[in-house]
Protein chains: 2
Amino acid sequence: MARLEDIARACGVSKATASLALNGKPGVSAETRRLVLEVAKKLNYRPHAPARSLVLHRTDTLGVIVPDLSSPFYAEVVRGVEDEAVQQGFFLVLTTTLGNPEREEFCLRLLRERRADGILFVTPRGNEHLIREIHAEGFPVVVVDREIQCEDGVVEVIVDNYGGAVQAMHHLLACGYRRIGFINGIPEIQASQERLRAYRDVLSSQGIRVRRSWVEVGWFLPEGGYQAMTRLLRVSPRLDAVFVACDWMALGAMRAIREKGLRIPEDIAVVGFDDVPLAAQTDPPLTTVRQPMVEMGRMGVRLLVQLIRKEQISQKKVLLPTELVVRGTTAHVGSPESPCFRQGNHG
Amino acid sequence: MARLEDIARACGVSKATASLALNGKPGVSAETRRLVLEVAKKLNYRPHAPARSLVLHRTDTLGVIVPDLSSPFYAEVVRGVEDEAVQQGFFLVLTTTLGNPEREEFCLRLLRERRADGILFVTPRGNEHLIREIHAEGFPVVVVDREIQCEDGVVEVIVDNYGGAVQAMHHLLACGYRRIGFINGIPEIQASQERLRAYRDVLSSQGIRVRRSWVEVGWFLPEGGYQAMTRLLRVSPRLDAVFVACDWMALGAMRAIREKGLRIPEDIAVVGFDDVPLAAQTDPPLTTVRQPMVEMGRMGVRLLVQLIRKEQISQKKVLLPTELVVRGTTAHVGSPESPCFRQGNHG
DNA sequence: GTGAAAGCGCTAACAC
DNA sequence: GTGTTAGCGCTTTCAC
């Protein structure tokens with residue numbers, strides 16, 4: 001592959017001049033510049049990024065740490081991340097932790113070694129010390145989807161989990177459901193805790209006693225949702241609705257309900273969380289709380305890039321809204337054929 | 001961040017010695033090595049990867065080009081890619097084309113500039129000239145999920161699309177279905193063409209005339225599957241089964257069937273393709289043809305790494321098998337309550 | 001407007 | 001065993 005020196009020689013100029021010309025900097029005659037560009041094009045010249053990084057002290061690379069890509073939720077977030085990163089002229093080095101703290105540490109070490117210009121954490125739990133450490137070292141850091149205790153300030157993008165869950169619960173109550181179960185994700189995760197808290201608060205505020213047996217855990221996986229729902233139906237057969245902490249689990253929960261021969265929403269209503277693309281495709285289409293997943297990714301990158309460019313950051317903590325999307329898995333009790341109201345698919 | 005020079009100075013040795021010690025090379029006394037390692041650890045030293053790349057002429061980085069991450073199929077493939085890459089000690093620079101040829105070209109240019117050690121294409125169509133060009137330039141290249149005309153040999157990982165589709169069709173016929181529709185993905189894609197060809201061949205071999213109106217296109221998207229199925233039901237209302245070229249589309253097709261008030265599989269059977277994780281979670285669970293998605297990604301990386309290391313490559317074209325997975329969306333015609341046979345979820 | 005030279009952080013020949 | 005030196009490909013003073 002052609003090097004700067006090759007094209008400089010081919011043009012009969014010095015490397016310095018060629019460099020200036022190629023980078024669009026002033027101090028080169030129009031004629032020389034034209035020539036250099038032409039030759040560079042002909043030789044299919046591309047600057048050697050590592051060499052450039054060495055002198056420029058930047059890599060135009062963003063390190064992203066995400067639990068996994070099989071989950072449709074993270075897939076959407078990463079979609080936003082990728083798209084915004086490309087737009088901002090950054091490259092993505094993607095790493096997945098698979099929920100394994102050692103692997104997370106390993107990935108972070110490599111990202112550090114690569115001298116990523118900034119690091120985006122999309123991990124909902126664990127390894128806080130790593131985040132603080134890398135931040136303390138001077139790396140720009142943005143955390144998406146969780147709050148982190150860090151006085152000097154890692155920037156955060158969070159979502160109104162509590163508010164979204166409150167909307168979901170109010171919707172269920174408005175439809176007439178009273179005996180509402182809850183399938184939690186991973187209990188240790190903040191987002192899960194917020195949703196559970198909202199579930200409890202809303203029921204309590206209506207004078208409904210929340211029983212222990214109404215709450216199960218499904219680990220954010222379809223199989224977990226299936227098992228949690230199966231337990232719920234066995235232990236609390238009189239539930240008339242269930243609020244599931246993510247759509248991906250709701251899929252499994254719906255399967256469990258079906259296997260018991262029950263109808264959705266006539267026998268039992270379901271509300272999910274996230275509004276991943278598949279939520280609009282279930283049968284019936286899933287009523288859920290929309291998180292702006294792509295926007296979360298985008299916003300994370302936008303903030304990280306501001307940090308990298310040392311631009312003024314408007315806010316160190318960005319709260320994105322959630323929104324109830326009513327589809328077919330909830331309906332007025334007593335009039336199963338006419339759901340309260342419907343809304344078209346989002347996309 | 002500490003540089004090699006810093007730790008060398010701190011140890012009172014030269015950079016060369018420090019380098020040898022850190023890289024586990026011979027020619028350093030045990031005592032010195034211990035000291036260097038200790039100081040490096042204390043200073044949290046990590047070598048500067050770009051500087052290293054500059055002299056080593058390698059980046060330990062794999063460039064991956066994939067259409068998008070929203071599709072559960074690609075998400076799974078990338079999962080395999082990521083996992084194997086980490087195991088092999090490589091980093092992933094991930095780029096998505098969004099089906100946009102210019103963006104693909106842009107991504108490839110950047111990957112080239114980054115001096116990725118090798119490039120993995122998971123794009124099912126387009127820009128063949130780019131692949132040939134980058135390969136001609138000396139970059140190791142592996143293509144997953146398509147065959148490319150290239151005598152000198154890009155390495156390919158392909159899947160038995162034709163065989164898998166034949167299995168699916170034979171299964172439908174064995175269940176007693178005769179009027180079988182087909183929803184294709186993107187017609188330009190090789191994999192699609194193979195599946196369509198199998199569909200036609202099997203029906204023809206049974207003396208069944210394939211009507212034009214039995215075949216629709218759904219672009220590998222749920223919404224496309226929904227619309228294709230809707231058209232199919234309108235134009236060919238007497239179909240008793242439909243073979244959908246991917247699970248993701250099948251989801252939309254199933255929704256369309258449900259909306260018409262038809263039952264699956266009693267009124268119309270459905271077979272998908274891929275066996276993405278959600279296939280086991282639909283209602284009923286989807287009968288489909290399993291592609292070894294994770295393995296495709298893994299194998300692609302394994303071959304690419306062999307190419308990079310200039311090891312002997314066993315085969316320039318690896319064909320991975322497909323496998324029918326019978327679940328709940330197909331059943332014997334006439335005995336809807338007892339599907340021919342079932343198989344547990346894959347995971 | 002252009003060229004010579006230094007240096008980014010590292011590895012590898014080669015002396016000693 | 002260890003240190004000295006050159007050089008990977010680029011950008012950037014600073015002379016001219």
Side-chain angles (χ1 to χ4, degrees), chain A residues 1-37 39-40 43-61 91 109-117 137-138, chain B residues 1-37 39-40 43-61 91 109-117 137-138:
Chain A
M1 267 176 98
R3 299 158 307 147
L4 180 61
E5 186 171 349
D6 300 324
I7 90 136
R9 187 174 354 227
C11 294
V13 300
S14 71
K15 292 195 305 178
T17 303
S19 176
L20 290 178
L22 286 165
N23 291 312
K25 303 222 167 144
V28 190
S29 75
E31 175 53 19
T32 310
R33 164 162 286 139
R34 205 196 45 68
L35 177 66
V36 170
L37 258 25
V39 170
L43 267 46
N44 199 14
Y45 170 79
R46 290 272 95 203
H48 188 288
R52 222 158 181 265
S53 298
L54 189 55
V55 43
L56 257 24
H57 298 289
R58 60 183 170 84
T59 54
D60 296 326
T61 292
F91 242 103
R109 189 164 61 227
L110 262 358
L111 254 20
R112 210 171 143 251
E113 192 162 316
R114 293 307 218 257
R115 300 302 195 267
D117 291 339
E137 255 189 306
Chain B
M1 266 174 99
R3 298 157 308 148
L4 180 61
E5 188 171 347
D6 299 326
I7 87 140
R9 184 167 3 220
C11 296
V13 300
S14 71
K15 291 198 303 177
T17 302
S19 176
L20 290 178
L22 287 165
N23 291 311
K25 302 221 170 149
V28 190
S29 75
E31 176 52 20
T32 311
R33 164 160 288 136
R34 205 196 46 67
L35 177 65
V36 170
L37 258 27
V39 170
L43 266 46
N44 199 12
Y45 169 79
R46 288 274 96 202
H48 188 289
R52 224 158 178 265
S53 299
L54 188 55
V55 41
L56 257 22
H57 299 289
R58 61 185 170 83
T59 54
D60 297 324
T61 292
F91 242 104
R109 188 163 63 230
L110 261 358
L111 253 20
R112 211 172 141 251
E113 192 161 315
R114 289 314 215 254
R115 300 303 194 268
D117 291 338
E137 254 190 307

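Chain identifiers are assigned alphabetically (A, B, ...) following the order of the sequence lines, protein sequences preceding nucleic acid strands; residue numbering begins at 1 within each chain. As the structure is a computational prediction, the values presented were derived from the model and not from experiment.
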Shortest side-chain distance from B:Arg3, nucleotide among C:dG9, C:dT11, D:dG3: C:dG9
N or O in side chain of A:Ser19 less than 4.0 angstrom from D:dT11 OP1/OP2: yes
Using a 4.0 Å heavy-atom cut-off, does A:Thr32 contact any base of the nucleic acid, only the sugar-phosphate backbone, or nothing at all? sugar-phosphate
Reading DNA chain D from 5' onward, which residue's closest nucleotide shows up sooner: B:Gly27 or A:Val55? B:Gly27
Interatomic distance where CD belongs to A:Glu113 and C1' belongs to C:dG9 [whole Å]: 13 Å
Pick the closest DNA chain D nucleotide for B:Ala51 and for B:Gly12 by heavy atoms, then say which residue is nearer the 5' end. B:Gly12
Let me know the distance between CZ of B:Arg33 and P of D:dT2, rounded to the nearest Å. 10 Å
Does any non-hydrogen side-chain atom of B:Leu22 lie less than 4.5 Å from one of B:Pro47? no
Nearest heavy atoms of B:Thr59 and B:Arg115, plus distance in Å: OG1-O, 2.8 Å
What is the distance, rounded to the nearest whole Å, between atom CG of A:Leu4 and atom P of D:dT12? 12 Å
Of all the choices, C:dC10, D:dG9, D:dT2, which nucleotide is nearest to the side chain of B:Val28 once you look at every atom? D:dT2
Flag the pair A:Cys11 / A:Thr32 as yes when at least one side-chain heavy-atom distance between them is below 4.5 Å, and no otherwise. no
Integer-rounded Å distance: C:dG9 C1' and B:Met1 CE: 12 Å
side-chain N/O A:Lys25 vs D:dT12 OP1/OP2, d < 4.0 Å: yes
Ionic contact status for A:Arg112 with A:Glu137, cut-off 4.0 Å: yes
Does A:Tyr45 make a side-chain N or O approach to OP1 or OP2 of D:dC10 shorter than 4.0 Å? yes
Measure NE2/B:His48 against P/C:dG7 and give the value in whole Å, please. 17 Å
Quick one: is A:Ser14 getting a side-chain N or O under 4.0 Å of the C:dT2 phosphate, OP1 or OP2? no
Between A:Ile7 (CD1) and D:dT11 (P), how many Å, whole number? 10 Å
Which of C:dA12, D:dC10, C:dG9 is nearest the side chain of B:Leu54? It is C:dG9
Could you check which of D:dG1, D:dG9, D:dT11 has an atom nearest any side-chain atom of B:Ser29? D:dG1
Scanning both residues in full, the closest heavy-atom pair of A:Ala51 with B:Leu54 reads CB-CD1, 3.5 Å
Check the phosphate of D:dT11 against A:Arg52, side-chain N and O only, distance under 4.0 Å to OP1 or OP2. Yes or no? yes
Rounding to an integer number of Å, can you tell me how far A:Leu56 CG sits from D:dT13 P? 11 Å
State which residue, out of B:Lys15, B:His48, B:Arg9, fulfils the side chain to side chain contact (heavy atoms under 4.5 Å, CB included) condition with B:Arg3. B:Arg9
Separation of B:Arg46 atom CZ from C:dC10 atom C1', in whole Å? 14 Å
I want to verify a distance call: between D:dG3, C:dG1, D:dG9, whose nearest atom is closest to the B:Val13 side chain? D:dG3
Taking only the side-chain nitrogens and oxygens of A:Thr17, find out if one of them lies under 4.0 Å from OP1 or OP2 of C:dG1. no
